[in-house]
Protein chains: 2
Amino acid sequence: MKKIEQRLTENGVRPTAMRLLIYKYLAEKEVAISLTDIEAAFAKAERTTLYRTLRTFEEKKIVHQIDDGTGIQKYALCEPGCDCNLEQDLHLHFLCNNCDETVCLTEHKIPHINLPEGFVAEDANLVLKGICDKCSGQ
Amino acid sequence: MKKIEQRLTENGVRPTAMRLLIYKYLAEKEVAISLTDIEAAFAKAERTTLYRTLRTFEEKKIVHQIDDGTGIQKYALCEPGCDCNLEQDLHLHFLCNNCDETVCLTEHKIPHINLPEGFVAEDANLVLKGICDKCSGQ
DNA sequence: GACAATAATGCACTTCCGTTGCATAGGTCA
DNA sequence: TGACCTATGCAACGGAAGTGCATTATTGTC
């Protein structure tokens, strides 16, 4: 918990009890988490607080937002030292059609794409859908 | 208009007046269209009708749905003969941060990705964001 | 051409999720 | 301690997708 506190402080986020818990929750889960997920896990807390905590985390580069095509925004912890805006840190995400969980494949960067004349890419999002390792193993 | 009628019939969609107009609209626009766009263009028509028309078109492989990360579902005409479910027909989309328009880059297929053991990909979505050719030209 | 069956359209309403405004509680610093 | 700033809680809004049901149009059959 001390480590989490330090991580938050380093990134310019005041380590309140709520935030520590949310960070811990994100760290334990190895998949991308939606606001609704968190809400279910912290029934006592306000949705708004959770929402704003996630946004704060995102602004401070503690989590990155994931759009996996479900229409629901999800979040996952950033790797320490990663800057999710840089092309080299853009990794792909995998959405399982079976368990509906989305995981970061941080080792798999998005390949560079040659665009037609006139197009300038600043950001990229690649989502693969299918069956994840947990579900295919059975 | 006869051609459109034929296209719809071939794909098993009854060519009503409404549908012909919507198809025509999609064909003229060269960018991905949201339900709200269409609603604005056809002020007289019901949202539900437009919504269901788009869904029907999608089911019958006349349009494909695009998730460009804006949280708004968009649609664009499929190339004749394309099967948007097949890996070889999966192309990437480009969302312009300046004009907010999303275009299909049908010539640019999504590269094949080697996934970790246990992951089986069935579908893929790649969206690049940046400045499009129209906006960068100025 | 008239009729029944089927499909498309229009209207009302719901749900889900993200988002904001404002009041209150809590922590920080002089 | 008191003033200030930040975080939290509560209430409400708004956009977009989606559904149920009645009505209208279209098709096939006799």
Side-chain angles (χ1 to χ4, degrees), chain A residues 1 4-25 32-60 62-76 95 100 102, chain B residues 1 4-26 32-60 62-75 95 100 102:
Chain A
M1 218 59 172
I4 298 180
E5 203 171 323
Q6 191 186 334
R7 178 84 203 275
L8 294 189
T9 308
E10 276 170 7
N11 288 63
V13 173
R14 283 214 316 226
T16 65
M18 194 78 254
R19 288 170 174 176
L20 290 172
L21 286 173
I22 293 176
Y23 189 104
K24 188 154 163 283
Y25 179 77
I33 300 293
S34 71
L35 179 57
T36 309
D37 292 336
I38 293 206
E39 209 184 339
F42 296 87
K44 286 200 305 182
E46 253 309 291
R47 238 168 60 102
T48 317
T49 305
L50 302 171
Y51 167 72
R52 284 197 257 238
T53 301
L54 288 174
R55 264 221 328 215
T56 304
F57 280 6
E58 198 200 347
E59 278 164 22
K60 303 297 182 165
I62 293 169
V63 303
H64 60 277
Q65 206 185 75
I66 300 165
D67 167 41
D68 62 6
T70 56
I72 296 165
Q73 291 174 214
K74 296 183 180 169
Y75 300 85
L95 168 61
D100 276 331
T102 299
Chain B
M1 220 59 175
I4 298 178
E5 204 173 320
Q6 190 187 335
R7 178 82 202 275
L8 294 189
T9 308
E10 275 170 7
N11 287 62
V13 174
R14 285 212 319 222
T16 66
M18 194 78 254
R19 288 171 174 175
L20 290 172
L21 286 173
I22 294 175
Y23 189 104
K24 188 154 165 282
Y25 180 77
L26 288 169
I33 300 296
S34 71
L35 180 57
T36 309
D37 293 335
I38 293 206
E39 208 185 340
F42 296 87
K44 286 200 305 182
E46 252 309 291
R47 241 171 57 102
T48 319
T49 304
L50 301 171
Y51 169 71
R52 284 198 256 238
T53 300
L54 288 173
R55 265 222 327 217
T56 304
F57 279 8
E58 197 200 347
E59 277 164 21
K60 303 298 180 159
I62 294 169
V63 303
H64 58 277
Q65 206 184 76
I66 300 165
D67 167 41
D68 61 7
T70 56
I72 297 167
Q73 292 174 212
K74 296 184 182 168
Y75 301 85
L95 168 62
D100 275 332
T102 300

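Residue numbers begin at 1 in each chain, while the letters A, B, ... track the order of the sequences.
- With DNA chain D read from its 5' end, the first of the two nearest nucleotides for Lys74(B) and Gly12(A) is the one closest to Gly12(A).
- One finds the CZ atom of Arg7(A) at 13.0 Å from the CG atom of Leu20(A) (value rounded to the nearest 0.5 Å).
- For the pairing with Leu35(A), the side-chain contact (heavy atoms from CB on, under 4.5 Å) check across Thr53(A), Leu50(A), Ile72(A) returns one residue only, Leu50(A).
- The NZ-P distance, from Lys44(B) to dT24(D), rounds to 17 Å in whole Å.
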Enumerate all atom pairs, one protein N or O and one N or O from nucleotides 13-15 of chain D, separated by less than 3.5 Å.
none

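- Atom CD in Gln65(B) sits about 10 Å away from atom C1' in dA17(D), given to the nearest Å.
- Between the side chains of Tyr23(A) and Arg19(A), no donor-acceptor pair is found at a separation under 3.5 Å.
- Rounded to the nearest 0.5 angstrom, Glu59(A) CD and Arg52(A) CZ are separated by 11.5 Å.
- With values rounded to the nearest 0.5 angstrom, Ile62(B) atom CD1 is found 10.5 Å from Leu54(B) atom CG.
- Rounded to whole angstrom, the span from the CG atom of Leu35(A) across to the P atom of dG18(C) amounts to 6 Å.
- Phe42(B) places its CZ atom 15 Å from the C1' atom of dT9(C), with the value rounded to the nearest Å.
- The CZ atom of Phe57(B) lies 7.0 Å from the CG atom of Leu26(B); values are rounded to the nearest 0.5 Å.
- In this entry the distance linking CD of Glu46(B) with C1' of dT19(D) reads 14 Å, nearest Å.
- Protein atom CG of Leu50(B) is 12 Å distant from nucleotide atom P of dA17(D), rounded to whole Å.
- Note that the CD atom of Gln73(B) and the CD1 atom of Ile66(B) stand 11.0 Å from one another [nearest 0.5 Å].
- The OH atom of Tyr75(B) sits 11 Å away from the C1' atom of dA16(D) (whole-angstrom rounding).
- Here Arg47(B) lies in heavy-atom contact (under 4.0 Å) with a base.
- Listed for the Asp68(B) side chain is a donor-acceptor partner under 3.5 Å among the backbone atoms of Thr70(B).
- Distance, Ile38(A) CD1 to dC16(C) P: 19 Å, rounded to whole Å.
- At the phosphate of dG10(C), OP1 or OP2 sits under 4.0 Å from a side-chain N or O atom of Thr49(B).
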Any chance you could list the contact pattern along nucleotides 20-26 of chain C? Use B for base contacts, S for sugar-phosphate-only contacts and - for none, protein heavy atoms under 4.0 Å, 5' to 3'. BBB----
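- The CD atom of Gln65(B) sits 12.0 Å away from the NZ atom of Lys74(B) when rounded to the nearest 0.5 Å.
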